[in-house]
Amino acid sequence: MADPKGFMTTPRREWPRRPVEERTRDWDEVYVPGALLPIISKQADRCMDCGIPFCHEACPLGNLIPEWNDLVSREDWRAASDRLHATNNFPEYTGRLCPAPCEAGCVLAINQPAVTIKNVECAIADRAWEEGFVQPRPPERLSGWTVAVIGSGPTGLAAAQQLTRAGHTVAVYEKDDRIGGLMRYGIPEFKMEKHHLERRVEQMRAEGTRFRTSTAVGRDVGAAELRGRYDAVVIATGATAWRELDVPGRELAGIHQAMEYLPLANRVCEGDLERSPLCAVGSHVVIVGGGDTGADCLGTAVRERAASVTQLDIYAQPGGERDEDIEPWPTYPKIYRLSAAHEEARDLRTAPAADADARLFAASTLRFAGDADGHVRSLHLVEVDAARQPLPGTGRTLPADLVLLALGFSGPDRGDGLVDQLGLELMPRGTIARGADFATNVRGVFAAGDAARGQSLIVWAIAEGRAVAAAVDRYLTGSSRLPAPIGPYDRPMTV
């Protein structure tokens with residue numbers, strides 16, 4: 001603990017964002033370049049080095065947060081990088097994309113603003129790359145065992161890196177033309193620039209991991225055939241089966257799933273397209289769904305110069321403070337949060353009729369209406385109570401030329417045949433069934449990440465990847481020294 005009084009003398013300061021008018025004219029990350037390092041050591045000083053650090057418990061990775069906070073406060077960046085990478089393969093991803101349940105579990109957060117743990121993590125990761133601390137770590141010898149990892153999101157990449165470093169020969173199969181899964185084509189560039197992803201992939205290549213892109217297992221290569229070629233298989237395809245909205249008018253043109261819309265915008269940033277076929281320019285956009293995916297659509301539509309953008313959230317607007325009776329510390333509370341995209345929508349007034357920023361809360365879609373050509377032109381909604389029952393006399397209509405459905409995901413997509421060809425058992429909610437060792441009902445086949453857990457956070461995805469790697473290593477060799485931060489049945493802290 002470098003400064004025993006740091007939490008009393010230093011106020012919380014977060015990484016400043018670029019001005020709204022500036023950042024919405026490009027696709028670069030929203031933060032001011034270089035503005036984090038000058039403030040981060042004093043922010044790390046606010047860590048109290050608690051006797052029982054609940055931030056550990058709140059993070060499924062078990063990040064050694066007080067230790068690297070102390071090292072950052074002393075500006076020992078190499079040691080801080082070592083401690084951070086001891087539990088997290090990709091801290092530059094989590095430092096940008098994770099909603100930071102660790103901060104909700106910070107002891108300081110009982111009665112003060114929490115330590116900026118997420119910012120400290122990001123600063124360490126970025127400094128580690130700048131200083132050359134991050135180097136390939138190939139195994140000293142090969143085991144002779146082979147593993148196929150299906151899916152290259154955070155779970156698949158974490159599993160592949162751990163297994164490669166353990167000495168196994170690992171090939172990652174990805175259906176898209178580039179590695180990264182939803183981090184590549186689902187996460188907008190303004191949240192995480194893709195060079196962060198590229199350099200990790202290059203590190204993994206140098207370590208010995210092999211990548212097979214544009215290969216959908218079950219369609220381009222038979223799932224049973226693949227199983228026969230490898231000693232073990234890890235399924236980390238994510239939960240890509242999107243939820244539908246079954247209301248009148250859903251068949252109208254101009255109504256799309258969020259994951260039909262976001263990848264096209266990302267491909268424009270990659271240089272694959274000059275303009276997205278679903279570009280929102282000049283359109284009245286309505287986003288149905290109040291989660292992070294909806295916010296990603298919001299920020300994207302703002303940058304595409306939509307005429308208006310409104311986001312519908314079926315839940316009531318939460319308060320600005322934790323309700324200690326319902327969600328006591330150290331659980332992650334549902335409070336009103338202003339993401340970068342919502343800040344942009346608020347300042348640019350993209351939705352004049354919204355309750356706050358671009359959101360209409362407690363709003364449920366009743367139906368869509370279209371024009372004579374069969375294209376959507378309006379969305380009819382109604383306010384609902386806490387039980388999601390319509391409130392009489394609250395109906396209203398929004399103009400809508402482009403509707404984006406961001407309603408979450410139910411499990412792995414079965415369209416490619418992977419699940420059926422292997423004969424995998426599924427849970428009632430559509431996820432892949434597995435046992436305490438992450439193994440499915442098919443010998444040598446393991447399932448991890450959102451495909452088995454269900455839709456979750458990036459920290460849980462990486463933790464699943466690390467844990468399934470230990471399970472596979474144990475299956476192949478009889479024992480494992482790889483860390484297993486979670487079990488398949490672990491869940492976030494709740495009351």
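In this text, all values refer to a predicted model and were calculated from it rather than measured experimentally.
- In this structure F190 satisfies the ring-ring contact (aromatic ring centres under 6.0 Å, His included) test with no other residue, sequence neighbours excluded.
- Atom NZ of K175 has 12 or fewer heavy atoms from other residues, nucleotides or ligands within 6.0 Å.
- Shown here are the ring-ring contact (aromatic ring centres under 6.0 Å, His included) partners of F90, two or more places apart in sequence or in another chain: Y93.
- Using modelled atom types and a 3.5 Å distance limit, the side chains of E14 and N119 yield no donor-acceptor pair.
- In this structure, the separation between CG on L426 and CG on D420 is 8.0 Å, given to the nearest 0.5 Å.
- Looking only at atom types and distance, the side chain of W77 has no donor-acceptor partner in the side chain of E131 under 3.5 Å away.
- By the ring-ring contact (aromatic ring centres under 6.0 Å, His included) test, F211 is found to be paired with no residue, residues two or more places apart in sequence or in another chain being considered.
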Stepwise salt bridge (charged side-chain N to carboxylate O under 4.0 Å, His left out) test for D177 and R267: CA-CA 11 Å; D177 58 343; R267 287 193 177 276; 3.0 Å; yes
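- N63 and T87 share a donor-acceptor pair across their side chains, judged by distance under 3.5 Å alone.
- Across A171 and Y230, no two heavy atoms sit closer than the pair CB-OH, 3.5 Å.
- The shortest heavy-atom contact between V442 and G423 is CG2-O, 4.3 Å.
- For the atom pair L482 CG and L163 CG, the distance stands at 6.5 Å (nearest 0.5 Å).
- The shortest side-chain heavy-atom distance between T477 and W145 falls under the 4.5 Å cut-off.
- The pair R83-E67 meets the salt-bridge criterion, with a side-chain N (NZ, NE, NH1 or NH2) lying under 4.0 Å from an Asp/Glu carboxylate O.
- Note that the CD1 atom of I432 and the CE atom of M427 stand 11.5 Å from one another [nearest 0.5 Å].
- You'll find the side chain of T440 stays beyond 4.5 Å of the side chain of E425, heavy atoms only.
- Residues Q203 and Q135 have side chains that never bring a donor and an acceptor to within less than 3.5 angstrom of each other.
- Looking at E343 and R17, a side-chain N of the basic residue comes within less than 4.0 Å of a carboxylate O on the acidic one, giving a salt bridge.
- No side-chain donor from either of T331 and T494 sits under 3.5 Å from a side-chain acceptor of the other.
- With no hydrogens or angles considered, a side-chain donor-acceptor pair links Q161 and N89 at under 3.5 Å.
- Ionic pairing of E189 and K194 is present here: one or more N-O contacts between side-chain nitrogen and carboxylate oxygen are shorter than 4.0 angstrom.
- By the 6.0 Å contact criterion, CD on Q421 is enclosed, its count of non-hydrogen atoms from other residues, nucleotides or ligands being greater than 12.
- For the residue pair I124 and W68, the shortest heavy atom distance occurs at CD1-CE3, 3.5 Å.
- In this structure, a donor-acceptor pair under 3.5 Å is absent between the side chains of T240 and D413.
- You'll find the side chain of R205 reaches within 4.5 Å of the side chain of V201, heavy atoms only.
- Taking CG of L398 as the start and OG of S378 as the end, the distance is 9.0 Å to the nearest 0.5 Å.
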Derivation and outcome, salt bridge (charged side-chain N to carboxylate O under 4.0 Å, His left out), residues R165 and D473: CA-CA 11 Å; R165 290 174 173 178; D473 188 38; over 6 Å; no
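- Taking every heavy atom of both residues into account, A470 and P483 meet most closely at CB-O, 3.8 Å.
- Judged by distance alone, the side chains of E121 and N88 do bring a donor and an acceptor atom under 3.5 Å apart.
- Using a 3.5 Å distance cut-off with no hydrogens or angles, the side chains of R23 and Y31 do not pair a donor with an acceptor.
- For the side-chain contact (heavy atoms from CB on, under 4.5 Å) test, residues two or more places apart in sequence or in another chain that qualify with A351 are T310, A354, A358.
- For the pair E193/D28, a side-chain contact is recorded, criterion being any heavy-atom separation below 4.5 Å from C-beta on.
- For the pair R219 (side chain) and G417 (backbone), a donor-acceptor distance under 3.5 Å is absent.
- Once rounded to the nearest 0.5 Å, the distance linking CG of D126 with NE2 of H196 reads 6.0 Å.
- Ion pair D357/R337 not flagged as a salt bridge, since none of the NZ, NE, NH1 or NH2 atoms sits closer than 4.0 Å to an Asp/Glu carboxylate oxygen.
- Contact check for V30 versus E344: side-chain heavy atoms found under the 4.5 Å cut-off.
- Using a 4.5 Å cut-off on side-chain heavy atoms (C-beta onward), P60 and V459 make contact.
- Few gaps surround CZ on R377; more than 12 heavy atoms of other groups in view lie less than 6.0 Å from it.
- Under the rule for a ring-ring contact (aromatic ring centres under 6.0 Å, His included), W242 has no partner lying at least two apart in sequence or in another chain.
- P412 and G430 get closest at one heavy-atom pair: CD-O, 3.3 Å.
- Using a 4.0 Å cut-off between a side-chain N of Lys or Arg and a carboxylate O of Asp or Glu, E464 and R453 qualify as a salt bridge.
- Here D176 does not pair with R184 in a salt bridge; the nearest charged N to carboxylate O distance is not below 4.0 Å.
- Under the 4.5 Å side-chain criterion, counting only non-hydrogen atoms from C-beta, R466 is in contact with L61.
- Under the 3.5 Å distance criterion, with hydrogens and angles disregarded, a donor-acceptor pair is assigned to the side chains of H85 and S81.
- No side-chain donor-acceptor contact under 3.5 Å links T169 to the backbone of T146.
- Annotation: the span from I235 atom CD1 to L424 atom CG amounts to 4.5 Å, rounded to 0.5 Å.
- Side-chain atoms of D401 and S283 include no donor-acceptor pair closer than 3.5 Å.
- Nearest heavy-atom pair across A436 and Y489 is N-OH, 3.4 Å.
- Within 6.0 Å of the CZ atom in R481, the count of heavy atoms belonging to other residues, nucleotides or ligands does not exceed 12.
- Under 4.0 Å is where a charged nitrogen must lie from a carboxylate oxygen, and between D313 and R359 no such pair does.
- The backbone N or O of S480 lies less than 3.5 Å from no partner atom in the side chain of R474, so there is not a single donor-acceptor pair.
- Contact of the L418 side chain with the L422 side chain is registered, since non-hydrogen atoms from C-beta on lie closer than 4.5 Å.
- Between R18 and E29 no salt bridge is recorded (no basic side-chain N to carboxylate O distance below 4.0 Å).
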Just list the side-chain donor-acceptor pairs under 3.5 Å for residues 288-300, sequence neighbours left out, or say none.
{"unit_1": "D296", "atom_1": "OD1", "unit_2": "K191", "atom_2": "NZ", "d": "3.0"}
{"unit_1": "T300", "atom_1": "OG1", "unit_2": "D296", "atom_2": "O", "d": "2.8"}

